[in-house]
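Just follow the structure's listing: the first ligand is 1, and inside any ligand the first atom is 1.
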Amino acid sequence: MITGVQKQYVNNPHLDNMEEDILYHFNLGTKTHNLPAMFGDIKFVCVGGSANRMRSFAQFIHQQLELPGNADDIRDICEGTDRYSMYKAGPHGMGVPSISIMLHELIKLLYHAHCSDVMVFRIGTSGGIGLPPGTVVITDKAVDSFFRPQFEQVVLGKVITRSTELDKGMAEELLQCSTKLPNCPTVIGNTMCTHDFYEGQGRLDGALCSFSTEEKLEYLKKAHEAGIKNIEMESTVFAAMCRICNLKAAVICVTLLNRLEGDQISTPHDVLVEYQQRPQYLVAHFIKKHLTLL
Ligand SMILES: O=P(O)(O)O[C@H]1O[C@H](CO)[C@@H](O)[C@H]1O
Ligand SMILES: O=c1cc[nH]c(=O)[nH]1
C-alpha cells in the first residue's frame, strides 16, 4: 500500500487484495521482480509507437543525461515478451487498445515500484492539418473523431466517458523549450485521435473508401476550424488514463505530412527519421532542464 506524499496512481480497490500482480505483457511481476529496486527512481516515462524508434531514443537519452555505462549495451527490460519493449522508455504499438494495455501495466508498475512525481510523455508521429511537414505539435486537447475532448470506453456493456485534459503547464514549458532548439518548429494545438489510419483519418488510399475527395476535405477543414492541428491514434486514451491516475502527461507528435495536401507518406526515409527525432530532442531538453543538467 502506498502512503504519505506519494500520489495514488492506481484507481482500483481490488489491487490491494492481490497476493501477487503479474504484469503479463511486460513479463514482470511483484513476486518475481523487486519492482521498487528496479523502477523506484523513475521520474520521467517516455512512450512511443515503434520499438526501433524507442530503442534509439533510449540510447540518445542515455547519452544526453550522461548516464553511466555504454548506451549501446542498454537492455530491453521486457525481453521475455515480444509485445512491448522497455528501456525505462518504451514503445506502445499502434492504436488505443495497444497503448491502453501498456498503460494499465505501466501505471501499476509505477505504483508497485512506489514511484512519485512522475511525468509521462507520448513522443510520436502524426498527420498534420494545415502545417508544414516536420512541425511538432504539443497537444492542448486530445479530441475524438467528433472533435470532443473525451474518451469513451465500454465497460460491462456501458459507455464510460472520461476527460482527456492534459497538463497545461507541461505543454507551455515544452513550447518554451522548443524555442531553444534549432530546427524544431513547434505549435500547441488540439490533436484528433482516431481508431483507424485510413478511412478513420479521412484517407482516400485505403483498401476501402466510402467518401469523395470533397467530403474528405470538408471534414478535415472542419477539424482545422475546431483547432485540430494533427491526427494520430493514441492521444485520447493516453490523456484520459494519465489524468485519472494523477500522472502529469504530455503528447508531442511530429507531423509527417500535411493532410490537406495528400494522404500518402512519400517523404524520403532519411527526412522522416530526422522529423521523428524532433519530439525526442524536445523531451530530452525538457528532462535535462528538470534535472538541472542545462
Ligand atoms: O507515432 P506513433 O507512436 O508511431 O503513432 C502514430 O503512428 C501510427 C500510425 O502510423 C499510429 O499509432 C499513430 O498514432
Ligand atoms: O497521417 C498519419 C501519420 C502518422 N500517424 C497517423 O496516425 N496518421
Side-chain angles (χ1 to χ4, degrees), residues 45-58 60 83-87 89-103 106 120-139 141-145 151 164 166 186 189-207 209 216-217 219-220 223-224 228-242 249-269 271-283:
V45 179
C46 303
V47 300
S50 117
N52 281 339
R53 197 196 309 150
M54 293 315 286
R55 182 175 168 78
S56 5
F57 176 65
F60 166 68
R83 293 283 187 191
Y84 301 110
S85 312
M86 196 193 300
Y87 310 93
H92 54 58
M94 284 193 279
V96 162
S98 182
I99 196 174
S100 107
I101 296 168
M102 190 282 291
L103 285 174
L106 171 71
V120 191
F121 306 83
R122 160 161 155 67
I123 42 181
T125 62
S126 60
I129 307 185
L131 293 171
T135 307
V136 174
V137 179
I138 302 166
T139 303
K141 291 193 194 83
V143 301
D144 66 12
S145 302
F151 174 67
T164 53
L166 287 153
T186 305
N190 297 342
T191 295
M192 177 160 71
C193 176
T194 68
H195 293 303
D196 174 43
F197 183 83
Y198 287 97
E199 280 189 297
Q201 295 189 6
R203 278 191 158 79
L204 300 164
D205 62 344
C209 188
K216 163 197 157 170
L217 286 174
Y219 179 68
L220 292 182
H224 192 242
I228 295 169
K229 301 264 186 251
N230 65 338
I231 314 175
E232 49 75 91
M233 297 177 60
E234 293 84 14
S235 57
T236 49
V237 72
F238 173 86
M241 287 183 72
C242 288
V251 178
I252 308 104
C253 290
V254 70
T255 61
L256 302 182
L257 75 170
N258 178 0
R259 289 298 317 289
L260 298 179
E261 285 171 6
D263 295 336
Q264 298 248 309
I265 302 175
S266 52
T267 308
H269 179 72
V271 178
L272 289 179
V273 169
E274 194 274 308
Y275 286 172
Q276 290 177 27
Q277 285 167 345
R278 293 180 181 184
Q280 303 185 7
Y281 291 144
L282 183 49
V283 169

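For ligand 1, one of its N or O atoms has an N or O atom of G49 under 3.5 Å away. The N/O atoms of G48, backbone and side chain alike, include none that comes under 3.5 Å of an N/O atom in ligand 1. Considering both main-chain and side-chain atoms, R203 comes within under 3.5 Å of ligand 2 through a nitrogen or oxygen pair. On a distance-only criterion, Q201 and ligand 2 share at least one N/O pair closer than 3.5 Å.
Of all atoms in ligand 2, numbered sequentially from 1 with element shown, those under 4.0 Å from a heavy atom of L257 are 1 (O). Counting atoms of ligand 1 from 1 in the listed order, those under 4.0 Å from a heavy atom of G124 are 1 (O). Heavy-atom contacts of E232 reach the following atoms of ligand 1: 14 (O) (cutoff under 4.0 Å). Of all atoms in ligand 1, listed by their number and element, those nearer than 4.0 Å to a heavy atom of F197 are 9 (C), 10 (O). Within ligand 2, counting atoms from 1 as listed, the ones closer than 4.0 Å to a heavy atom of I231 are 6 (C), 7 (O), 8 (N). Ligand 2 places these atoms under 4.0 Å from at least one heavy atom of M233: 7 (O). When each atom of ligand 1 is checked for a heavy atom of T125 under 4.0 Å away, the hits are 1 (O), 2 (P), 4 (O), 5 (O), 6 (C), 7 (O).
Using a 4.5 Å heavy-atom cutoff, the side chains of H224 and I228 are not in contact. Residues N190 and M192 form no side-chain contact, since every pair of their non-hydrogen atoms from C-beta on lies 4.5 Å or further apart. Looking only at side-chain heavy atoms (C-beta outward), I138 and T186 come within less than 4.5 Å of each other. A heavy-atom distance below 4.5 Å is not found between the side chains of P279 and F57. You'll find the side chain of I231 reaches within 4.5 Å of the side chain of T194, heavy atoms only.
Taking OG1 of T135 as the start and NZ of K229 as the end, the distance is 10.0 Å to the nearest 0.5 Å. To the nearest 0.5 Å, atoms CG (L217) and CD (E261) are separated by 10.5 Å.
Of all the heavy atoms of T194, none lies under 4.0 Å from any atom of ligand 2, so neither backbone nor side chain is involved.
Counting only distance, with no hydrogens or angles, the side chain of R203 and the backbone of D263 share a donor-acceptor pair below 3.5 Å. Side-chain atoms of R122 never come within 3.5 Å of backbone atoms of S235 as a donor-acceptor pair (strictly under, hydrogens ignored).
Nearest-heavy-atom check against atom 13 (C) of ligand 1 across E234, M94, Q276 picks out E234.
Atom CG of D205 has more than 12 neighbouring heavy atoms from other residues, nucleotides or ligands inside a 6.0 Å radius.
The protein non-hydrogen atom at the shortest distance from atom 5 (O) of ligand 1 is R122 NH2, 3.2 Å. Closest to atom 2 (C) of ligand 2, if we only count protein heavy atoms, is G127 N, 3.3 Å. Of all protein heavy atoms, the one closest to atom 5 (N) of ligand 2 is S126 CA, 3.7 Å. Protein heavy atom at the shortest distance from atom 4 (O) of ligand 1 is R53 NH2, 3.0 Å.
The aromatic ring centroids of F238 and F151 lie 6.0 Å or more from each other.
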